[in-house]
2 protein chains.
Amino acid sequence: MPASVAGPEIERLIQLLARLPGLGPRSARRAALHLIKKREPLMAPLASALQTVIETIQVCGTCGNIDSQNPCTVCIDPRRDASIIVVVADVADLWALERAHAINGRYHVLGGTLSPLEGVGPQDLTIDALVSRAHDPVVKEIILALNATVDGQTTAHYITDLLHDAAVKVTRLAHGVPVGGELDYLDDGTLAAAIKQRTPF
Amino acid sequence: MPASVAGPEIERLIQLLARLPGLGPRSARRAALHLIKKREPLMAPLASALQTVIETIQVCGTCGNIDSQNPCTVCIDPRRDASIIVVVADVADLWALERAHAINGRYHVLGGTLSPLEGVGPQDLTIDALVSRAHDPVVKEIILALNATVDGQTTAHYITDLLHDAAVKVTRLAHGVPVGGELDYLDDGTLAAAIKQRTPF
């Protein structure tokens with residue numbers, strides 16, 4: 001859009017919206033217009049919600065989760081099983097596991113996965129902090145909930161090696177057929193894993 | 001996401017982001033995380049851009065465009081042909097025509113199209129203002145750039161009737177094959193219109 005039509009203020013808003021994942025230049029324009037039309041019910045609350053998050057959100061010093069308190073809600077929740085630490089690459093993975101009510105333990109957010117190609121080494125992740133948490137006598141199990149990608153599995157192996165002298169059981173997510181998935185559409189590796197790790201019916 | 005994981009501030013931000021067109025609940029979560037990770041380079045500028053637009057944007061009293069000045073940049077631009085008024089349903093259509101550099105006239109934003117089913121009547125649109133602008137002796141042509149839908153065409157007919165005693169030529173957009181379009185994928189109505197309105201080669 002030429003800047004001359006709607007003025008630099010809207011142009012700037014569109015440019016920033018277009019940098020959100022899931023919004024391209026065209027949908028950013030639509031979003032900007034939608035916001036302008038809904039100034040009171042949507043735009044003003046969004047501006048204020050952003051400001052609130054900017055002012056309140058911090059990274060949990062224990063697990064790396066983001067929250068408005070530090071330590072985070074998960075780390076201080078007494079109803080959670082402190083003997084289990086679920087290791088995830090990213091806060092988004094933590095959210096996904098929580099949405100699924102998959103487990104009631106605590107978490108450890110690595111901040112990514114090891115990736116020699118992208119120059120991500122152990123010092124760029126919170127691996128040292130994880131190792132020291134794993135030596136807490138309360139902790140009995142470390143579940144590596146990392147992506148089933150090369151980088152994810154490399155990271156899992158690296159962490160497992162570091163934890164060999166800690167008194168914890170190290171486990172990882174099962175491979176297998178996704179719930180609702182059709183065999184015909186699955187890759188060979190998943191099918192082979194699902195057969196290999198078959199369970200009694 | 002359970003509110004217990006990330007706190008009410010982030011939950012509220014996600015809910016608001018999910019109300020933007022093009023973002024669903026899942027992509028709103030991704031967008032919120034992206035914003036939190038890019039607090040300085042993206043989140044703070046976005047909050048401030050929203051606030052700026054909230055404070056500066058207004059609707060042009062002449063044409064209905066949105067801008068930080070009233071009358072808007074288009075209406076006061078002396079390089080634009082004041083004899084042509086392009087009638088559009090929405091500001092988004094105005095932006096689209098400007099992006100295409102389709103015409104160098106002025107605009108009139110109706111604020112929608114007539115839609116008896118949705119209860120939109122002439123009094124809900126800026127049709128009266130358009131009629132009075134059309135009686136300005138400077139204006140020679142009214143181009144109806146409305147969607148080729150039933151509502152759009154109903155609105156075009158309604159406006160044309162109202163303008164019969166104004167000294168202006170009323171035109172509408174051509175129907176035909178979209179540039180880059182393949183005949184095989186076009187509907188019958190478009191093909192018939194393209195044949196009927198064929199032009200010398």
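Per chain, numbering begins at 1; letters A, B, ... match sequence-line order.
- Counting heavy-atom neighbours within 6.0 Å of A:Asp77 CG, excluding the residue itself, gives a total above 12.
- Below 4.5 Å, heavy atoms of chain A meet heavy atoms from B:Arg30, B:Ala31, B:Leu33, B:His34, B:Leu35, B:Ile36, B:Lys37, B:Arg39, B:Pro41, B:Leu42, B:Met43, B:Ala44, B:Pro45, B:Leu46, B:Ala47, B:Ala49, B:Leu50, B:Gln51, B:Thr52, B:Val53, B:Ile54, B:Thr56, B:Ile57, B:Gln58, all part of residues 30-60 of chain B.
- Applying a 4.5 Å heavy-atom cutoff, none of the residues of residues 137-159 of chain B approach chain A.
- More than 12 heavy atoms of other residues, nucleotides or ligands sit less than 6.0 Å from atom CG of B:Asp161.
- Atom CG of A:Leu20 is separated from atom OG of B:Ser27 by 10.0 Å, given to the nearest 0.5 angstrom.
- Annotation for B:Gln69: atom CD counts as buried by contact number, over 12 foreign heavy atoms lying within 6.0 Å.
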